[in-house]
Amino acid sequence: MSIVKINALTVPDEQREVLEQRFASRAGSVENSDGFEWFELLRPVEGTDQYLVYTRWRSEEDFQAWMEGPMKAAHQGGGAGGAGGGAGGGAERPKPAATGSSVWSFEVVQQAAPKQG
């Protein structure tokens, strides 16, 4: 079965819009990766300042290949969830929107979908 990676990002109130815009501008950067199955950016409603970045992958190997390839290149070129791989050689990287981050890993052992009908 699949694996799930959840990145818990601590985001101050004044940086929420920045974070969401950066993720919106990265559309397509993970969706074409081999083994990628799902992505969600979850905004906190109450009781926490942590956003959750949920991704599901076919295997740990597929996730690691993405981490070492496309994700690494994107972060070196424009920062986490950055505005994209710009052409400027000396452009300063934008300040991260999150003040902290931790990654949680899970194996999917059960799942259910709505009944079709």
[X] and [Y]: which non-hydrogen atoms are nearest, and at how many Å?
| X | Y | result |
| --- | --- | --- |
| Ala97 | Pro12 | O-CD, 3.6 Å |
| Phe106 | Ile6 | CE1-CD1, 3.9 Å |
| Pro96 | Gln15 | O-NE2, 3.9 Å |
| Arg56 | Val4 | CG-CG2, 4.0 Å |
| Phe63 | Trp57 | CD1-NE1, 3.4 Å |
| Gln50 | Ala8 | NE2-CB, 3.9 Å |

Once rounded to the nearest 0.5 Å, what's the spacing between atom [atom1] of [X] and atom [atom2] of [Y]?
| X | Y | atom1 | atom2 | answer |
| --- | --- | --- | --- | --- |
| Asp62 | Thr55 | CG | OG1 | 11.5 Å |
| Gln64 | Glu60 | CD | CD | 4.5 Å |
| Lys5 | Met67 | NZ | CE | 8.5 Å |
| Asn7 | Ser101 | CG | OG | 3.5 Å |

Tell me every residue that passes ring-ring contact (aromatic ring centres under 6.0 Å, His included) with Tyr51, counting only those two or more places apart in sequence or in another chain.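 Expected list: none.
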
Residues 109-117, side-chain donor-acceptor partners within the protein, below 3.5 Å, at least two apart:
none

When you look at Leu52 and Trp104, which way does the side chain to side chain contact (heavy atoms under 4.5 Å, CB included) test go after all the steps? CA-CA 10 Å; Leu52 299 181; Trp104 306 332; 4.1 Å; yes

Check whether any side-chain heavy atom of Leu9 lies under 4.5 Å from a side-chain heavy atom of Leu19, and answer yes or no.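 When only atoms from C-beta onward are counted, Leu19 and Leu9 do touch, with a gap below 4.5 Å.
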
With the threshold set at 4.0 Å, does a side-chain nitrogen-carboxylate oxygen contact exist between Asp34 and Arg58?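 A salt bridge links Asp34 with Arg58.
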
Table please: side-chain donor-acceptor pairs of residues 38-47 below 3.5 Å, with sequence neighbours left out.
unit_1 : atom_1 : unit_2 : atom_2 : d
Trp38  : NE1    : Glu40  : OE2    : 3.3
Arg43  : NE     : Glu20  : OE2    : 2.7
Arg43  : NH2    : Glu20  : OE1    : 2.8
Arg43  : NH2    : Glu20  : OE2    : 3.4

